[in-house]
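Taking it in order: structure first as structure tokens, then the write-up.
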Amino acid sequence: MQISATLLLELGVILTVLTVLGSAARRFALSPIPLYLLVGLALGDGGVAPIPAAGEFVQAGASIGVVLLLLVLGLEFSIGEFASSLRRHLPSAWVDLLLNAIPGAIAGWLLGLNPVGILALAGVTYISSSGVIARLLSDLRRLGNRETPAVLSILVLEDFAMAAYLPLLAVLAAGGTWWQAVLGVTFAVAALGVAFTASLRWGHHLGRLVAHPDNEQLLLRIMGLTLIVAALAEFVHASAAVGAFLVGLTLTGEAADRARIVLSPLRDLFAAIFFLAIGFFVDPAELVPMLPAAVALAAVTALTKVLTGRFAARRDGVAGPGQLRAGMALIARGEFSLVIIGLVATSIPQVGVVATPYVFILAIVGPVLTRVSGSGQRTALRQIGETPATDRQ
């Protein structure tokens, strides 16, 4: 087998740069995600130091990264408790849709886009980044916070909505009829419903299926099963992230504890590649023409996401500081928004001109605001000797 020295060198450079910047960020108690995004922008298409040989690995690694992020996140919760949280937050999902899709639709109308373009831009502003937010909650030690189930319920309900939205947009953007779009939506939603029901009712058998005393066998079994489920979810446009999250939810007890141990190093590696990839395939020159419009839209929809998070957290009885943290955590946009841009890139390129800088702004600003929103919490907890995971505000 021929080994590419160029590929190995470029990957070595990428990982070294991420190591240096990640260490610097953590020294100041910051999330390294914004720095990883900027590195991707600098090393990718049109960047100051492009490294094209690594492109295919970065693209594949990003897909694995988002799967691992949501798999490990799902391991922190039980599917019964989460199903209850989802039912409680259906009103929050409607608030989320109205507050965050409407600004994108209005912006599309003001820009003179056709109905499909308006639909696309509404989706871009509506959907938060499951991958970015999952890592943020882990980095900031908020998985045990009382507002976190509300945040995760919003994210998963958004991903469920994408199961209906993406087939609809894909058919319409390709010039298909509304009947074809409705058929695709019906199939995707039905498949997702079957998968969730099966996971809820029979998922407890999964632990016995993957259990093994050898860590290597445990890792191979969990990864094999998760990637298959993620692929099936993608096939019906239901998101690989949702499939991976459902697998994580169904693993409980000792299986979940051991899975977290063996998966964590793998998740950290590929998560860094995922964040790098968001910027890697964006030409910096594309961010400039519509930057003022993108900044204005980002400001509006950052505020509407904060309102969404506050509403959802309030339904769980969370106090004011926790409500604010929930809202700030939802600001980041990322992988789904970029998928939407890709679906209409050929037929309606005007969407990408404003949506690409918009996504990149919130992918960078979102983690920073999320970190800032919890600074008072950490100070108070240090004074009383507790960790953020014990927060119950």
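Predicted, not measured: the structure shown is a model, and the values here were computed from it. In what follows, residues are counted from 1 in the order of the sequence shown.
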Write down the atom of Gly65, the atom of Phe274, and the distance for their closest heavy-atom approach. CA-CB, 4.3 Å
Are Leu362 and Leu136 connected in the hydrophobic side-chain network, where two residues link if heavy atoms are under 4.5 Å apart? yes
Are Gln350 and Leu111 side-chain neighbours, meaning at least one heavy-atom pair lies under 4.5 Å? no
Is the backbone of Ala211 close enough, under 3.5 Å, to the side chain of Arg221 for a donor and an acceptor to pair up by distance? yes
Main-chain N/O of Ser92 paired to Arg315 side chain as donor or acceptor, under 3.5 Å: no
Can you measure from CD1 (Ile261) to CG (Asn215) and round to the nearest 0.5 angstrom? 8.0 Å
So does Ala326 get a backbone contact from the side chain of Glu147, meaning a donor-acceptor N/O pair under 3.5 Å? no
How many angstroms lie between atom CD1 of Ile64 and atom CG of Leu266, to the nearest 0.5 angstrom? 8.0 Å
Hey, quick one: are Leu303 and Ile127 part of the same hydrophobic cluster, counting side-chain heavy atoms closer than 4.5 Å, chains of contacts allowed? no
State plainly whether the residues Asp316 and Arg146 are in salt-bridge range, i.e. N to O under 4.0 Å. no
Sort and list the pairs that fulfil side chain to side chain donor-acceptor pair (under 3.5 Å) and have at least one residue in residues 264-282, not counting sequence neighbours. none
Of the non-hydrogen atoms in Ala101 and Ala122, which two are nearest, and what is the gap between them? O-CB, 3.4 Å
Close side-chain approach of Pro367 to Val132, heavy-atom, < 4.5 Å: yes
Transitive ILVMFWY side-chain link Leu291 to Val353, under 4.5 Å: yes
Smallest separation among heavy atoms of Thr6 and Ala53, with atom names: CG2-CB, 3.8 Å
Using side-chain contact (heavy atoms from CB on, under 4.5 Å), reason through Thr356 and Met290 one step at a time and then give a plain yes or no. CA-CA 9 Å; Thr356 301; Met290 293 294 289; over 6 Å; no
Looking at every heavy atom in both Ala256 and Leu251, which two are closest together, and how far apart are they? CB-O, 3.5 Å
Mind checking the CZ-CD1 spacing from Phe280 to Ile14? Nearest 0.5 Å is all I need. 5.5 Å
Taking C-beta and beyond as the side chain, do Leu68 and Met223 meet within less than 4.5 Å on heavy atoms? yes
Note: Thr125 and Arg333 closest approach over all heavy atoms is O-NH2, 2.6 Å
Is there a side-chain contact between Leu157 and Asp96 in this structure, where contact means two heavy atoms from C-beta onward sitting under 4.5 Å apart? no
How far does CD1 of Ile331 sit from OG1 of Thr308, to the nearest 0.5 angstrom? 10.5 Å
With distance as the sole test, does Ser128 use its side chain to make a donor-acceptor pair with the main-chain N or O of Leu330 at under 3.5 Å? yes
Examine distances only and state if a side-chain atom of Arg258 and a backbone atom of His212 form a donor-acceptor pair shorter than 3.5 Å. yes
Test side-chain contact (heavy atoms from CB on, under 4.5 Å) on Ser130 and Leu70 and set out the steps. CA-CA 8 Å; Ser130 300; Leu70 272 296; 4.1 Å; yes
With side-chain contact (heavy atoms from CB on, under 4.5 Å) as the test, pick out the partner of Val210 among Ile222, Thr226, Thr250. Ile222
Do we see a donor-acceptor contact under 3.5 Å between the side chains of Asn100 and Thr304? yes
Test your reading of the model: is there a side-chain donor-acceptor pair from Ser153 to the backbone of Pro149, 3.5 Å cut-off? yes
Looking at Leu15, Thr19, Val13, which one forms a side-chain contact (heavy atoms from CB on, under 4.5 Å) with Val17? Val13
Using only atom types and a distance under 3.5 Å, with no angle test, would you say the side chain of Lys305 pairs donor to acceptor with the backbone of Val300? no
Quick one: CZ on Phe336 to OH on Tyr126, what's the gap to the nearest 0.5 Å? 10.0 Å
Do Val151 and Arg142 have side-chain heavy atoms sitting under 4.5 Å apart? no
Verify the distance criterion only: is there a donor paired with an acceptor across the side chains of Tyr358 and Thr301 at less than 3.5 Å? yes
Look up atom CD1 in Ile340 and atom CG in Leu119, then write down how far apart they are to the nearest 0.5 Å. 8.5 Å
Applying side-chain contact (heavy atoms from CB on, under 4.5 Å), run through Leu369 and Val306 and close with a yes or a no. CA-CA 11 Å; Leu369 293 178; Val306 171; over 6 Å; no
Closest non-hydrogen atom pair, Val124 against Ala355: CG1-CB, 4.0 Å
With sequence neighbours left out, the residues meeting salt bridge (Lys or Arg N to Asp or Glu O under 4.0 Å) with Asp139 are Arg26, Arg135
Under 3.5 Å donor-acceptor, Asp214 side chain and Glu216 backbone: yes
Name the residue from Phe270, Phe275, Phe245 that meets the side-chain contact (heavy atoms from CB on, under 4.5 Å) definition with Leu69. Phe275
Any chance you could lay out the side-chain contact (heavy atoms from CB on, under 4.5 Å) test for Phe360 and Leu41, step after step, and finish with the verdict? CA-CA 10 Å; Phe360 211 79; Leu41 196 65; 3.7 Å; yes
Leu113-Trp109 co-clustered via ILVMFWY side chain contacts under 4.5 Å: yes
In terms of hydrophobic clusters joined by side-chain contacts under 4.5 Å, are Leu343 and Ile118 together? yes
Using modelled atom types and a 3.5 Å cut-off, is there a donor and acceptor pairing between side-chain atoms of Tyr36 and backbone atoms of Leu21? no
